[in-house]
Amino acid sequence: MDRDAFAEAVAWTARALPARHAVPVLAGMRMEVSADGYSLHLSGFDYEVSTRASVEVLSEEPGALLVPGRLLAEIVNNLPSGTVYIDTDGPKVLISAGAAKFTLITMPLEDYPSLPGMPGKIGSVPADAFTAAVRQVTPAASRDDTLPMLTGAYLDFSGDTLKVVATDRYRIAVRELWWSPEDPGIDVAALVPARTLANTVRGLINQSNVDIALSTVPLGEGVSLSPGEGMIGFENGERRTTTRLIDSDFIKYATWFPTEFSGRAEVAVSPLVEAIKRVALVADRNTPLRLAFTEGEVVLEAGSGDDAQAVEAIEVGYQGDPIRVAFRPDYLVDGLSAVESDTAYLNFTEPIKPAVFTDVPSKEGEEPTFRYLVQPLRVT
């Protein structure tokens, strides 16, 4: 098989493999040559997430085996370019490319669990747009596993609109995009582990579509999650993944966004992000970075008293009453870096009430596709 195609397929599949697991066999990657000898199917599974990928091969005979998955991924990623050959010799697997040769010991295939099937397809979404949406939103998800709801990305399907949402209680990121549903009247939502979703979009094929499959049953006029079946699947070309959903209700995020603002700044995203990073050099992760907005200017400050201090001013377009507000520097960078337009709107109400960052729509009168609500820090 071709080394590059094999490496991509192995890397995609290895994302479901645990670094450590109480069941050693789950660290394995299943490799199966199709009956016609032209496809090699790779799969990984940890009882929560499953991944599958295929690669074109020329094989003398069909067969299946199980090998240490992460080790295989490291080996294949470092093989020289060209053709990769795989041979079996009893319990051994021989992998060679160019002058490099590796021997692996197979794992007991009979102990490996069967992978879950794909749920029913509910629609498809352009891979580029879906990848961008997930990358914009998932940094706002919590890393604290004690509150599972906050570690998820909420996929809200309504008609031909898909909203991707994440929050850690101190900020909320929302991206709205178009998708093509199988049922135009669909109204359903799923809470997907954010880390799994972020890993999934990393390997999607550009200029293609992602089919989304979800365990659902009709309920009244709409569609609701099927009780006890919470699973979602994503398929893109020869790659597919499934994951269990987080069994928890999500916050009513729409009600958190203010509808009126007392001030708005239009800022060039890159210069402001660079200024934040410079000023934040004298601030710890949880130390507030202070911003003072007046007409035509924002002044950034960090540090005080006997500590190191930094100040920088940059030009902005600002309308409204002058305001001084403070945020965690990393929250500012995450929100602004997710804005796809060259400039962003920063909307404020009061110094201690949530601010909302958005992209600047390309056409006047259009709604922004990305919104980022962030809670300011109290400062004396």
Side-chain angles (χ1 to χ4, degrees), residues 1-19 24-46 49-118 127-128 131 196 199-211 233-243:
M1 71 203 76
D2 176 72
R3 179 264 177 198
D4 291 342
F6 187 37
E8 287 186 11
V10 170
W12 167 272
T13 309
R15 289 174 183 150
L17 302 179
V25 74
L26 295 182
M29 184 179 296
R30 192 177 193 273
M31 306 172 64
E32 181 177 3
V33 175
S34 60
D36 61 12
Y38 292 121
S39 295
L40 173 64
H41 304 298
L42 307 167
S43 55
F45 187 38
D46 69 351
V49 180
S50 75
T51 48
R52 283 165 276 199
S54 298
V55 61
E56 291 184 1
V57 298
L58 289 176
S59 179
E60 297 178 359
E61 58 182 328
L65 51 79
L66 190 68
V67 295
R70 289 184 175 271
L71 178 57
L72 176 67
E74 291 182 10
I75 289 173
V76 176
N77 190 51
N78 287 282
L79 289 176
S81 299
T83 302
V84 178
Y85 298 90
I86 297 181
D87 299 278
T88 57
D89 181 11
K92 298 180 179 180
V93 181
L94 311 177
I95 303 173
S96 59
K101 295 179 172 59
F102 293 87
T103 301
L104 299 180
I105 305 300
T106 60
M107 304 169 71
L109 182 63
E110 61 276 9
D111 295 341
Y112 196 70
S114 299
L115 269 67
M118 285 286 284
D128 294 352
T131 297
T196 300
N199 284 337
T200 297
V201 301
R202 280 170 49 201
L204 296 181
I205 302 168
N206 293 331
Q207 310 297 322
S208 64
N209 288 334
V210 181
D211 291 338
F234 303 94
E235 187 166 5
N236 177 238
E238 294 297 321
R239 303 171 185 179
R240 61 169 60 178
T241 185
T242 66
T243 181

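Owing to the predicted nature of the structure, the values given are computational and were not obtained by experimental measurement. Below, all heavy atoms of this structure are taken into account, side chains as well, without hydrogens, waters or symmetry copies.
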#### Entry: T51 versus T241, side-chain donor and acceptor atoms under 3.5 Å
no

### Message
When you compare the side chains of S208 and N236, does any donor N or O come within less than 3.5 Å of an acceptor on the partner?
### Response
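There is such a pair between these side chains.
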
Looking at [X] and [Y], would you say the former's side chain and the latter's main chain have a donor-acceptor pair under 3.5 Å?
{"X": "N78", "Y": "E74", "answer": "yes"}
{"X": "Y112", "Y": "F45", "answer": "yes"}
{"X": "R15", "Y": "T200", "answer": "no"}
{"X": "D46", "Y": "V49", "answer": "yes"}

What I'd like to find out is whether the side chain of [X] reaches to under 4.5 Å of the side chain of [Y], using heavy atoms alone.
{"X": "V67", "Y": "M107", "result": "no"}
{"X": "R3", "Y": "P80", "result": "no"}
{"X": "L66", "Y": "T106", "result": "no"}

### side-chain contact (heavy atoms from CB on, under 4.5 Å) between F6 and I86, worked out
CA-CA 11 Å; F6 187 37; I86 297 181; 3.8 Å; yes

Spacing of [X] atom [atom1] and [Y] atom [atom2] [to the nearest 0.5 Å]:
{"X": "M31", "Y": "T13", "atom1": "CE", "atom2": "OG1", "value": "9.5 Å"}
{"X": "S43", "Y": "R240", "atom1": "OG", "atom2": "CZ", "value": "11.0 Å"}
{"X": "R52", "Y": "L42", "atom1": "CZ", "atom2": "CG", "value": "12.0 Å"}
{"X": "L17", "Y": "L26", "atom1": "CG", "atom2": "CG", "value": "9.0 Å"}
{"X": "T103", "Y": "I95", "atom1": "OG1", "atom2": "CD1", "value": "8.5 Å"}
{"X": "L104", "Y": "L94", "atom1": "CG", "atom2": "CG", "value": "9.0 Å"}

Looking only at heavy atoms, what is the nearest atom pair of [X] and [Y], with distance?
{"X": "A7", "Y": "V76", "answer": "CA-CG1, 3.5 Å"}
{"X": "R30", "Y": "A64", "answer": "NH2-CB, 4.0 Å"}
{"X": "M118", "Y": "F234", "answer": "CE-N, 4.0 Å"}
{"X": "D36", "Y": "S34", "answer": "OD1-OG, 2.5 Å"}
{"X": "P116", "Y": "T242", "answer": "CG-OG1, 3.6 Å"}
{"X": "T131", "Y": "V201", "answer": "OG1-O, 3.7 Å"}

### Query
Thinking salt bridges, do R239 and E8 make one under a 4.0 Å N-O criterion?
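Salt bridge between R239 and E8, a charged N being under 4.0 Å from a carboxylate O: yes.
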
### Query
Stepwise, does the side-chain contact (heavy atoms from CB on, under 4.5 Å) test hold for M29 with V10?
CA-CA 9 Å; M29 184 179 296; V10 170; 3.9 Å; yes

### Task
Decide yes or no on side-chain contact (heavy atoms from CB on, under 4.5 Å) for L58 and Y38, but give the supporting numbers first.
CA-CA 5 Å; L58 289 176; Y38 292 121; 3.6 Å; yes

### Task
Count the heavy atoms belonging to other residues, nucleotides or ligands that lie under 6.0 Å from CD1 of I105, then report whether that count exceeds 12.
yes

### Task
Mind running side-chain contact (heavy atoms from CB on, under 4.5 Å) on D2 and T83 for me, showing each step along the way?
CA-CA 5 Å; D2 176 72; T83 302; over 6 Å; no

